Amino acid sequence: MRAPVTRLGRRFFARDALDVAPDLINKVLVVGASSGRIVEVEAYRSDDPASHTFRGMTSRNATMFGPAGHLYVYFTYGMHHCANISTGATGDGQGVLLRAIVALTGLDALRARRPGRPDRQLADGPGKLCQAFGLDRRHDGLDVTTDPVVRVVDDGAVPASRVTTRIGIRLGTDRPWRWLAEPTA
DNA sequence: ATTGGGATCGTCT
DNA sequence: GACGATCCCAATA
């Protein structure tokens, strides 16, 4: 008998990003028929010079300041999208960046969006996972706790994680706000 | 296995 | 007008 698969609700996300981030490790992101296990995340908060919300709300980052559990998808480097899930109280400007996902189902769609890549490398980076799952600015603001196509579920996997400092940023590099799933034996 | 440079454009200064 | 929460390929070892 297997553990029940339950969707993560508002309560899960309406906590501090530093608490939500480690709990997201080993949860499953579902986008339509495709899904994958979240194996790397980073937390970003408004008291954090590396965060998009550090200088206050703008039209781009508004979702981060909205209610918890909404997708914040932004475009960067002229060619990549990155996806976050807003956390904390409304008005707070914080969230968790999804950095890497291991594909589980709907592999055909994922492979089609990342041709020529081995399955391991379908979503092993923040830009890559958006490409694989087809996430872009149109998905910005979607409520992951109620949306029919995008959701995050708990399938009972143990959230064993390891912490490090964040990468790919210039400021705030000292904060140990990056979590990775322990490599499974 | 690791390193370094180039691509490309929306957003904010 | 500059830059970025990045990715990919080519070149080295």
Side-chain angles (χ1 to χ4, degrees), chain A residues 13 15-25 27 29 31 34 36-66 68-88 92-103 107 109-142 144 150 152 161-181 183:
Chain A
F13 295 105
R15 298 177 289 144
D16 192 278
L18 299 185
D19 297 318
V20 176
D23 288 353
L24 270 177
I25 292 295
K27 298 299 186 288
L29 175 72
V31 181
S34 297
R37 194 169 300 285
I38 297 168
V39 294
E40 182 181 345
V41 298
E42 284 178 355
Y44 286 89
R45 300 197 313 192
S46 52
D47 62 346
D48 163 18
S51 173
H52 286 179
T53 60
F54 186 61
R55 288 156 211 281
M57 182 158 68
T58 68
S59 55
R60 173 172 69 149
N61 66 23
T63 307
M64 288 277 264
F65 289 90
H70 290 248
L71 273 187
Y72 167 47
V73 184
Y74 69 93
F75 183 67
T76 190
Y77 289 99
M79 58 189 97
H80 300 296
H81 291 277
C82 293
N84 303 250
I85 301 176
S86 63
T87 61
D92 218 334
Q94 56 166 253
V96 176
L97 171 68
L98 305 178
R99 285 197 57 90
I101 288 177
V102 174
L107 278 283
L110 302 177
R111 292 184 187 123
R113 294 194 201 88
R114 299 205 19 95
R117 306 285 157 195
D119 289 352
R120 303 208 79 100
Q121 296 170 25
L122 286 175
D124 63 338
K128 302 180 202 179
L129 73 87
C130 282
Q131 192 181 343
F133 285 89
L135 297 173
D136 58 40
R137 266 232 98 232
R138 294 172 314 193
H139 301 267
D140 182 61
L142 281 189
V144 163
V150 183
V152 183
S161 61
R162 172 164 59 94
V163 195
T164 76
T165 52
R166 296 171 297 178
I167 63 176
I169 53 174
R170 227 186 58 199
L171 303 165
T173 50
D174 54 315
R175 307 187 187 205
W177 289 1
R178 173 178 180 236
W179 288 265
L180 302 108

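What you see is a predicted model, and the numbers here were worked out from it, not measured in a lab. Lettering follows sequence order; numbering is per chain, from 1.
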Could you check how far [atom1] of [X] sits from [atom2] of [N], rounded to whole Å?
{"X": "A:Y77", "N": "C:dT6", "atom1": "OH", "atom2": "P", "value": "5 Å"}
{"X": "A:Q131", "N": "C:dC8", "atom1": "CD", "atom2": "P", "value": "6 Å"}
{"X": "A:H80", "N": "C:dC3", "atom1": "NE2", "atom2": "C1'", "value": "14 Å"}
{"X": "A:N84", "N": "C:dT6", "atom1": "CG", "atom2": "C1'", "value": "14 Å"}
{"X": "A:M79", "N": "C:dC3", "atom1": "CE", "atom2": "C1'", "value": "13 Å"}
{"X": "A:H52", "N": "C:dT6", "atom1": "NE2", "atom2": "C1'", "value": "11 Å"}
{"X": "A:D124", "N": "C:dC8", "atom1": "CG", "atom2": "P", "value": "8 Å"}
{"X": "A:R137", "N": "B:dC9", "atom1": "CZ", "atom2": "P", "value": "16 Å"}

**Q.** Base-pairing assignment for B:dT8 (Watson-Crick or G-U wobble, both under 3.5 Å)
**A.**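 By the stated definition (distances under 3.5 Å), nothing pairs with B:dT8.
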So does [Y] get a backbone contact from the side chain of [X], meaning a donor-acceptor N/O pair under 3.5 Å?
{"X": "A:R60", "Y": "A:Y74", "value": "no"}
{"X": "A:H80", "Y": "A:Q131", "value": "no"}
{"X": "A:N61", "Y": "A:T58", "value": "yes"}
{"X": "A:R137", "Y": "A:V73", "value": "yes"}

Q. Is the shortest side-chain N/O distance from A:R114 to OP1 or OP2 of C:dC8 below 4.0 Å?
A.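 For C:dC8, OP1 or OP2 has a side-chain N or O of A:R114 closer than 4.0 Å.
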Q: For C:dA5, take OP1 and OP2 only and decide whether either is under 4.0 Å from a side-chain N or O of A:R170.
A: no
Q: Using heavy atoms to find the nearest nucleotide of DNA chain B for A:G78 and A:T58 separately, return the residue whose nucleotide is more 5′.
A: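 In this pair, the answer is A:G78.
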Taking any heavy-atom pair under 4.0 Å as a contact, classify [X]: base, sugar-phosphate, or nothing.
{"X": "A:R117", "result": "sugar-phosphate"}
{"X": "A:L97", "result": "base"}
{"X": "A:R166", "result": "nothing"}

Q.
By nearest atom, which of the nucleotides C:dC7, C:dA5, B:dC12 is closest to the A:I169 side chain?
A. C:dA5
Q) From C:dA5, B:dG10, B:dC12, pick the nucleotide closest to the side chain of A:R60? A) B:dC12
Q | Test applied, side-chain contact (heavy atoms from CB on, under 4.5 Å); reference residue, A:T63; option that passes from A:D140, A:I85, A:N84, A:L71 | A | A:D140
Q. Can A:Y44 be said to stack with the base of C:dA5, given centres closer than 5.5 angstrom and planes under 30 degrees apart?
A.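 Yes; centroid distance and tilt both under limits.
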**Q.** 5' precedence on DNA chain C between A:G127 and A:T76 (nearest-nucleotide basis)
**A.** A:T76
